[in-house]
Amino acid sequence: MELIDGNLQLKEIQKLEGHTDRVWSLAWNPATGVAGIPAMLASCSGDKTVRIWQQTPSGRSSGSWDCKAVLEETHTRTVRSCAWSPSGKLLATASFDATIGIWEQIGNDFECISTLEGHENEVKSVSWNSSGSLLATCSRDKSVWIWEVLPGNEFECVSVLQGHTQDVKMVQWHPSVDVLFSCSYDNTVKIWAEDGDSDDWHCVQTLGEPNNGHSSTVWALSFNSTGDKMVTSSDDLTLKIWGTDRQAMNDGFAPWEGVIASGAADDAIRLFVENKDGSIDGPSYNMLLKKEKAHDMDVNSVQWNNTETSLLASASDDGTVKIWEFASVP
């Protein structure tokens with residue numbers, strides 16, 4: 001997103017209401033919002049449902065959003081996380097009932113075509129790899145599972161990764177390579193890769209306090225589009241930016257390329273951007289904007305739209321989803 005000189009604002013476009021409990025997570029459908037296909041957003045909640053929201057075709061950020069479907073009567077407890085496959089055809093949902101639901105849009109309806117079982121208790125997060133051939137899940141049982149997508153909507157667990165010593169909060173695949181990242185109540189981020197010889201998965205690196213990591217629970221992580229930078233958020237009240245050594249940068253570090261959005265228990269949304277002045281110690285980041293009282297309660301998830309980069313969605317304990325437009329003040 002190009003930043004415009006002058007005052008910037010986060011303008012509320014619409015409040016989406018319908019959930020009857022806190023909204024935990026959001027996911028934009030990556031195959032929508034382009035080529036005339038209306039943008040689509042999924043939200044999941046403590047009310048045991050997932051809601052599918054679709055933008056009316058009136059176009060861009062001015063279009064209103066409507067609830068297209070409510071996915072219910074499958075999960076029996078909180079739905080904590082949801083993620084679309086790269087093709088946008090499947091939606092995976094993670095629930096405290098220890099199962100993962102796989103949903104497919106058939107016509108105007110969404111059907112649960114598979115239920116994955118195996119975790120001992122609450123499933124906290126789901127993530128698809130870049131090709132849609134693998135699905136990762138994690139749980140309060142301290143494990144990370146990798147599932148292979150087989151023909152006929154079958155899913156086979158190909159690896160159970162043990163390494164975290166506490167509840168695993170989130171899993172996230174790298175945007176372009178099959179390397180998996182997980183973050184946990186044990187204050188660490190673990191990086192998992194496949195062993196080429198045995199086809200098994202193992203931990204190749206642990207990011208913790210000894211190597212400038214977090215000093216408390218790591219709640220979430222996210223990548224920039226190229227995958228050379230990762231941001232992590234923690235109970236220690238910090239965001240940390242991590243660079244990969246996969247690409248040697250001429251100036252010693254890679255820019256983030258974009259605006260980092262974060263939400264927290266103070267009900268605010270903050271936007272951060274890299275300070276372009278440069279530093280011999282690497283990049284620094286400045287707070288660009290703070291939206292006080294973005295929601296009435298904790299902000300649990302913020303997600304930039306993948307095609308309309310000025311659109312941001314947020315989810316809260318107040319039971320609502322909000323659509324925002326990030327733009328300069330006229």
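Note that these values count all heavy atoms, side chains included, but never hydrogens, waters or copies made by symmetry. Values in this document were obtained by computation on a predicted structure and should not be read as measured data.
- Considering CD1 of Ile191 and NE2 of His174, their distance stands at 10.0 Å, rounded to 0.5 Å.
- Using a 4.5 Å heavy-atom threshold, the side chains of Phe155 and Val149 count as touching.
- Within the 4.5 Å cutoff, side-chain heavy atoms of Leu289 are placed close to those of Phe326.
- Judged by distance alone, the side chain of Lys11 and the main-chain N or O of Ala327 form no donor-acceptor pair under 3.5 Å.
- Using modelled atom types and a 3.5 Å distance limit, the side chains of Asp200 and Ser159 yield a donor-acceptor pair.
- Side-chain contact annotation: Asp236 with His214, donor-acceptor N/O pair under 3.5 Å present.
- Remark: the backbone N or O of Glu72 is not paired with any side-chain donor or acceptor of Thr49 at under 3.5 angstrom.
- Counting only distance, with no hydrogens or angles, the side chain of Trp128 and the backbone of Ala83 share a donor-acceptor pair below 3.5 Å.
- Asn224 places a side-chain N or O within 3.5 Å of a backbone atom of Lys229 that can act as its donor or acceptor partner.
- No donor-acceptor distance shorter than 3.5 angstrom exists from the side chain of His19 to the backbone of Asp21, with no hydrogens or angles considered.
- A distance-only check finds no donor-acceptor pair linking the side chain of Asn300 to the backbone of Ala315 [under 3.5 Å].
- Taken from CE in Met170 to OG in Ser127, the straight-line distance is 8.5 Å, to the nearest 0.5 Å.
- Once rounded to the nearest 0.5 Å, the distance linking OG of Ser234 with CG of Asn187 reads 7.0 Å.
- Judged by distance alone, the side chain of Trp84 and the main-chain N or O of Pro30 form no donor-acceptor pair under 3.5 Å.
- Put simply, the side chain of Ile241 reaches to within 4.5 Å of the side chain of Ile260, judged on heavy atoms.
- The aromatic rings of His295 and Trp324 sit perpendicular to each other, their planes meeting at more than 60°, with 30° as the lower class boundary.
- Across Trp53 and Ser43, no two heavy atoms sit closer than the pair NE1-OG, 2.8 Å.
- Using modelled atom types, no side-chain atom of Asp66 and backbone atom of Lys68 make a donor-acceptor pair closer than 3.5 Å.
- Between Phe181 and Phe223, the ring planes lie perpendicular to each other; the angle is over 60°, past the 30° to 60° tilted range.
- Between the Gln105 side chain and the Gly107 main chain, a donor and an acceptor come within less than 3.5 Å of each other.
- The shortest distance between side-chain heavy atoms of Gln54 and Met40 falls below 4.5 Å.
- Side-chain atoms of Asp235 and Ser216 include a donor-acceptor pair closer than 3.5 Å.
- No path of Ile, Leu, Val, Met, Phe, Trp and Tyr side chains, each step under 4.5 Å between heavy atoms, connects Val144 with Val179, placing them in separate hydrophobic clusters.
- A salt bridge is defined here as a Lys NZ or Arg NE, NH1 or NH2 lying under 4.0 Å from an Asp or Glu carboxylate O, and Glu12 with Lys291 fails to meet this definition.
- Trp304 CH2 to Ser222 OG: the interatomic distance, rounded to the nearest 0.5 Å, is 11.5 Å.
- Residues Ile102 and Asn153 fail the side-chain proximity criterion, which asks for heavy atoms closer than 4.5 Å.
- Looking at heavy atoms from C-beta onward, Leu135 lies out of side-chain contact with Leu90 at the 4.5 angstrom threshold.
- Here the straight-line distance linking atom CD of Gln172 with atom OG of Ser125 works out to 7.0 Å at 0.5 Å rounding.
- The two residues Arg80 and Cys44 come nearest to each other via the heavy atoms C-SG, 3.6 Å.
- By the 4.0 Å N-to-carboxylate-O rule, Lys124 lies too far from Glu122 to be salt-bridged with it.
- Judged purely by atom type and a 3.5 angstrom limit, Asp141 uses its side chain to pair as donor or acceptor with the backbone of Glu120.
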